[in-house]
Amino acid sequence: MKTTELMQAAERLEERIVGASMTARQALQPEFNEVLSQLRASGIEVPSRLTKLDRELGEEAIEAYFESYTA
C-alpha cells in the first residue's frame, strides 16, 4: 500500500474511532495500530493526533483487560 493510501486509511479509521462506542473502539484498535506501524516503517512521520489516539486506545485496551480480569 502506498504511503498516501496508508495515511488515508489511518484518517478514515480515526473518524470511525472518534465517534464509536467503547466496544467498537477496542475492535478497531489493532487495525489502527497496524496502519500507524506501517506508516512509521515507511518513514512517514505520523501526525501527533493519530499517535495520541493510538496511545489512548492502547490504554483503554489495558484497562478493559484488567477490568475483565478482576470481575
Side-chain angles (χ1 to χ4, degrees):
M1 197 180 281
K2 294 181 184 179
T3 56
T4 54
E5 292 171 339
L6 285 170
M7 186 60 76
Q8 289 171 350
E11 290 172 345
R12 282 192 304 272
L13 284 166
E14 175 190 26
E15 289 174 10
R16 291 176 59 196
I17 291 166
V18 168
S21 68
M22 185 62 70
T23 303
R25 288 169 66 90
Q26 290 175 357
L28 292 168
Q29 187 271 336
E31 182 180 359
F32 186 67
N33 183 265
E34 179 60 27
V35 170
L36 295 188
S37 294
Q38 289 178 21
L39 278 169
R40 289 184 193 103
S42 297
I44 300 299
E45 184 175 336
V46 176
S48 61
R49 74 178 195 284
L50 298 179
T51 301
K52 181 181 177 206
L53 179 57
D54 190 40
R55 270 192 243 118
E56 289 173 8
L57 293 171
E59 290 172 7
E60 289 172 8
I62 291 168
E63 288 176 18
Y65 173 80
F66 282 109
E67 286 176 6
S68 68
Y69 182 74
T70 59

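All of these numbers come straight from a predicted model, not from anything done at the bench.
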Enquirer: Apply salt bridge (Lys or Arg N to Asp or Glu O under 4.0 Å) to residues R49 and E11 and explain how you reach the verdict.
Expert: CA-CA 10 Å; R49 74 178 195 284; E11 290 172 345; 3.4 Å; yes

Enquirer: List in chain and number order the residues that pass side chain to side chain contact (heavy atoms under 4.5 Å, CB included) with R55, two or more places apart in sequence or in another chain; answer none if no residue qualifies.
Expert: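 Scan of R55 (side chain to side chain contact (heavy atoms under 4.5 Å, CB included), adjacent residues dropped) gives T51.
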
Enquirer: I would like to know whether Q8 and K2 meet side chain to side chain contact (heavy atoms under 4.5 Å, CB included); could you show each step before the answer?
Expert: CA-CA 10 Å; Q8 289 171 350; K2 294 181 184 179; over 6 Å; no

Enquirer: Donor-acceptor pairs under 3.5 Å, side chain of residues 35-47 to any protein atom, not counting sequence neighbours: which ones?
Expert:
residue, atom, partner, partner atom, Å
S37, OG, N33, O, 3.0
Q38, NE2, E34, OE2, 3.0
S42, OG, Q38, O, 2.9

Enquirer: Grab the two heavy atoms, one from I17 and one from R25, that are nearest each other, plus how far apart they are.
Expert: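 Reported closest heavy-atom pair: O-NH1, 3.2 Å.
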
Enquirer: To the nearest 0.5 Å, what is the distance between CG (L57) and CD (E31)?
Expert: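 One finds 12.0 Å between CG of L57 and CD of E31.
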
Enquirer: Is it true that E5 and R12 have a side-chain N and a carboxylate O under 4.0 angstrom from each other?
Expert: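 Not counted as a salt bridge, because no side-chain N and carboxylate O are separated by less than 4.0 Å.
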
Enquirer: State, to 0.1 Å, how close F32 and L50 come at their nearest heavy-atom pair, and which atoms those are.
Expert: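 Residues F32 and L50, closest heavy atoms: CE2-O, 3.6 Å.
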
Enquirer: Quick check for you: to the nearest 0.5 Å, what is the distance between R16 atom CZ and L28 atom CG?
Expert: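 These two atoms lie 5.0 Å from each other.
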
Enquirer: In chain order, what residues pass the salt bridge (Lys or Arg N to Asp or Glu O under 4.0 Å) check against K52, with sequence neighbours excluded?
Expert: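 With sequence neighbours excluded, K52 shows a salt bridge (Lys or Arg N to Asp or Glu O under 4.0 Å) to E56, given in chain and number order.
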
Enquirer: Can you measure from CD (Q26) to CD (E60) and round to the nearest 0.5 angstrom?
Expert: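 Taking CD in Q26 and CD in E60, the distance rounds to 7.0 Å.
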
